[in-house]
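Notes to accompany the following structure.
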Amino acid sequence: MSSSVVKFPSSDNNTSSHDDDNHLSINAFSLSPEIFLEAAIALKDQVVEATWTEVCAGGGEIIDPTVYTGLLGTAFTCLRFYEVNGSDRDLKLCADIVDACAAAAAKTSTRYMTFLSGRGGIYALGMVIAERCGDHHKRNFYLSGFLELAEEKALPAGPEEGGFGMSYDLLHGRAGFLWAALFINKHLGQETVPSDLLNPIVTAIIAGGRAGASNHAVCPLMYRWHGTRYWGAAHGLAGILHVLLHFPLSEEDAEDVKKTLRYMMSMRFPRTGNYPSSEGNARDTMVQWSHGAGGMAITLCKASQVFPHEREFRDAAIEAGEVVWKSGLVEKAGLADGAAGNAYVFLALYRLTGETIYADRAKAFGGFLYNNARKLITSTSSDGLDHGSSLFHGLTGVACLWSDLVRPENSRFPGFEI
């Protein structure tokens, strides 16, 4: 494991009782819901000031209009806070930011269609926020833009049609487009984005996975991103399978998804129980949402809900959660590769099992970030870029986590859980 972790002691999570050491370790970091909510609102306001207010005051240009690392992540977060507190100010901020991001994206060659990194996120958020504002003209404008994206011929193209020209992953590929559609249909009603547009894309993703695994003896689905068979949530199997699990699958397709998950479970590192970052990678160094047990645990939670009689997925999700508890308090703060993202593992497990130990563990991670988030952000960087206020690599994701710790039963990993 990476040396840059803060370790909590392990526990027997097969019961709801805690041993004394774990009571102490959890309680030492836990804070009250009131403190988390106050901190979340204050941090959200600071992020708005840094990413939006200063841009408006200075007449600055919007360089990054995406959810993942850009200004649209601020809009997404304001929407989350509006859902919690009903603040008209947050809703208006959402609308203003999305409109500005849409204008900025129109001036650039934004080639991605996903929720996190492309136009799919702009249209999806714009549509949902316009609906909340009662602006039906603008809602229909953004819906038309999204449906136009859905007509892109590469989305449902299978391998036999040259379908490898578009990636399959959550961050930049077809799974990320499908997630945007799921987000729209959740907030505006099923069939807002019709299933007859989405099902062929699901079929193409399954077909692409089978073609990518054609020379694999055990695993029926495999995907490449820039030549590497990644396993994680951002670019690999965990993210793609998580999205597929939200759609009705044929018996054959469902079996391939289950067999792929079982293959991944069988390939865990024997000493730690962590998951490789990519096929054949022997380095056991990352426990985060992007790579390793963090993202995989949340996907396994979803698999357990979809296949409730397959106990192995529930057990594997719990085991992945133990890996995150032991080694997931990493010295980064963000959702993608930090402690905030790993805290959502415990929130997913809490919703799956009802065991309060997982809500307590999420609060412990949240308490650690309460004391250390700014230091972690300033001491690390993402590819040398300044993403310190972003949703996935900065403080905006921490604000979302703190707000979710107030109502853990309603929590959702931003941009990943529906």
Side-chain angles (χ1 to χ4, degrees), residues 1-2 4-11 13 18 21-40 43 77 80 233 273-274 286-298 301 317-353 355-377 379-380 391-414 416-417:
M1 286 290 170
S2 170
S4 59
V5 297
V6 180
K7 296 198 174 203
F8 283 133
S10 61
S11 71
N13 60 303
H18 310 183
D21 288 340
N22 271 293
H23 267 305
L24 292 172
S25 65
I26 288 173
N27 290 339
F29 287 89
S30 290
L31 300 172
S32 69
E34 293 77 16
I35 291 177
F36 277 129
L37 182 58
E38 181 181 355
L43 186 55
T77 301
R80 293 283 290 261
N274 192 26
M286 289 181 280
V287 179
Q288 55 188 240
W289 175 79
S290 294
H291 303 288
M296 192 63 188
I298 297 175
C301 284
I318 291 171
E319 290 163 7
E322 288 301 301
V323 176
V324 174
W325 178 244
K326 294 172 186 176
S327 301
L329 200 60
V330 295
E331 292 182 353
K332 290 186 177 182
L335 293 176
D337 55 5
N342 281 338
Y344 275 98
V345 170
F346 306 123
L347 292 173
L349 285 167
Y350 171 67
R351 298 194 317 272
L352 177 68
T353 68
E355 295 284 352
T356 58
I357 186 174
Y358 297 117
D360 290 343
R361 287 179 171 185
K363 291 172 185 175
F365 271 44
F368 169 79
L369 286 166
Y370 182 85
N371 292 310
N372 296 282
R374 291 192 179 280
K375 179 178 69 176
L376 296 178
I377 290 292
S379 65
T380 60
L391 181 60
F392 270 74
H393 286 284
L395 291 172
T396 307
V398 177
C400 284
L401 170 66
W402 287 343
S403 69
D404 274 335
L405 291 175
V406 177
R407 299 185 303 171
E409 66 279 2
N410 296 327
S411 63
R412 293 293 185 273
F413 191 113
F416 190 51
E417 293 181 290

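These figures come from a predicted structure and were not determined experimentally. Heads up: numbering here begins at 1 and tracks the sequence. Side chains included, hydrogens not; waters and symmetry mates left out as well; all remaining heavy atoms used.
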When every non-hydrogen atom of Ala399 is compared with those of Leu43, the smallest separation belongs to N-CD2, 3.7 Å
Value for CZ (Arg361) from CG (Asn342), rounded to nearest 0.5 Å, stands at 12.5 Å
List, one per line, each side-chain donor-acceptor pair under 3.5 Å for residues 286-296, sequence neighbours excluded.
unit_1 : atom_1 : unit_2 : atom_2 : d
Ser290 : OG     : Ala336 : O      : 2.9

query = Is any side-chain heavy atom of Glu355 less than 4.5 Å from a side-chain heavy atom of Leu349?
reply = no
Note: Leu335 and Leu391 closest approach over all heavy atoms is CD1-O, 3.4 Å
What one should report as the nearest heavy-atom pair of Glu417 and Ala348 is OE2-CB, 3.7 Å
Contacts of Ala40 meeting side chain to side chain contact (heavy atoms under 4.5 Å, CB included) (sequence neighbours excluded), chain-then-number -> Phe81, Trp402, Ser403
Leu401 and Ala340 have their tightest heavy-atom pair at CD2-CA, 3.8 Å
Hits for side chain to side chain donor-acceptor pair (under 3.5 Å) against Arg80, two or more places apart or cross-chain, chain-then-number order -> Asp404
CG of Leu347 to CZ of Arg407, rounded to nearest 0.5 Å, is 12.5 Å
Open item on the list: Between Phe368 and Leu376, is there a side-chain heavy-atom distance shorter than 4.5 Å?
Closed with: yes
Between the CG atom in Asp360 and the CZ atom in Phe365, the distance rounded to the nearest 0.5 Å is 13.0 Å
So OH of Tyr344 and CD1 of Ile298: to nearest 0.5 Å the spacing works out to 9.5 Å
**Request:** Determine whether Leu405 and Leu31 make a side-chain contact, defined as any pair of heavy atoms from C-beta on separated by less than 4.5 Å.
**Result:** no
Heavy atoms of Ala297 and Ala320 approach each other most closely as CB-CB, 3.6 Å
Smallest heavy-atom separation, Pro414 atom then Phe392 atom, equals O-CZ, 3.2 Å
OG of Ser32 to CD of Glu38, rounded to nearest 0.5 Å, is 9.0 Å
Between the CZ atom in Phe346 and the CG atom in Leu352, the distance rounded to the nearest 0.5 Å is 14.0 Å
